[in-house]
Amino acid sequence: MISVTHSISISEHVVARKVGEDMVLLNLESGQYFGLDTIGARVWEILESKPQTLSEIGAVIHDEYDAPRGEIENDLVLLANALLDKKLIVAD
């Protein structure tokens, strides 16, 4: 299970396309698609620049959206674990 201190990065075998405000991810190894809403898409865009911890990503999201930092980090942990389960990201 990933925590806010884990550094995450995008798996090599994933392609992503923005669709409106959302993002569609494709795992090329499994052929499975995964959809991200607007904030999930923003998280993915942040990850595209470089691997980061969930805490670092949370700080960016907190600056851009009006939500409590703890709530953001809890949501990021849930999202990251779902992405890890689908092998869309890797954690260090």
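As the structure is a prediction and not an experimental result, all values here were calculated from the model. For reference, positions follow the sequence shown, starting with 1. When reading the values below, keep in mind they use all heavy atoms of this one structure, side chains included, and skip hydrogens, waters and symmetry mates.
Atoms CG and CZ, from L79 and F34 in turn, are 6.5 Å apart once rounded to the nearest 0.5 Å. Once rounded to the nearest 0.5 Å, the distance linking CG of L28 with CD of E12 reads 11.0 Å. Between the CE atom in M23 and the CD1 atom in I39 there is a gap of 13.5 Å [rounded to 0.5 Å]. Atoms CG and OG, from L47 and S7 in turn, are 8.5 Å apart once rounded to the nearest 0.5 Å. For the atom pair CD1 of I8 and CG of L54, the computed distance is 4.5 Å after rounding to the nearest 0.5 Å. In this structure, L83 CG and I89 CD1 are separated by 5.0 Å, a value rounded to the nearest 0.5 Å.
Considering only heavy atoms from C-beta on, V77 comes within 4.5 Å of N81 through its side chain. Taking the side chain as every heavy atom from C-beta outward, D92 and H6 never approach each other to under 4.5 Å. The side-chain heavy atoms of H13 and N27, taken from C-beta on, include a pair separated by under 4.5 Å. The side-chain heavy atoms of E29 and K87, taken from C-beta on, include no pair separated by under 4.5 Å. For the pair L76/V43, a side-chain contact is recorded, criterion being any heavy-atom separation below 4.5 Å from C-beta on.
A chain of hydrophobic side-chain contacts below 4.5 Å, direct or via other Ile, Leu, Val, Met, Phe, Trp or Tyr residues, connects V24 to L26. A chain of hydrophobic side-chain contacts below 4.5 Å, direct or via other Ile, Leu, Val, Met, Phe, Trp or Tyr residues, connects Y33 to V19.
Under the rule for a side-chain contact (heavy atoms from CB on, under 4.5 Å), the partners of I46 that lie at least two apart in sequence or sit in another chain are R42, Q52, I57, V60, I61. In this structure E48 satisfies the side-chain contact (heavy atoms from CB on, under 4.5 Å) test together with I10, A16, W44, E45, sequence neighbours excluded.
The two residues L25 and L88 come nearest to each other via the heavy atoms CD1-CD1, 3.9 Å. Considering all non-hydrogen atoms of both residues, S11 and V90 come closest at OG-CG1, 3.7 Å.
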Criterion side-chain contact (heavy atoms from CB on, under 4.5 Å) on I2 and L84, from CA distance to verdict: CA-CA 8 Å; I2 295 176; L84 183 66; 3.7 Å; yes

Distance-only criterion, 3.5 Å: show the donor-acceptor pairs between side-chain atoms of residues 65-72 and protein atoms not counting sequence neighbours.
from: R69; atom 1: NE; to: E73; atom 2: OE2; distance (Å): 3.1
from: R69; atom 1: NH2; to: S55; atom 2: O; distance (Å): 2.8
from: R69; atom 1: NH2; to: S55; atom 2: OG; distance (Å): 3.4
from: R69; atom 1: NH2; to: E73; atom 2: OE2; distance (Å): 3.3

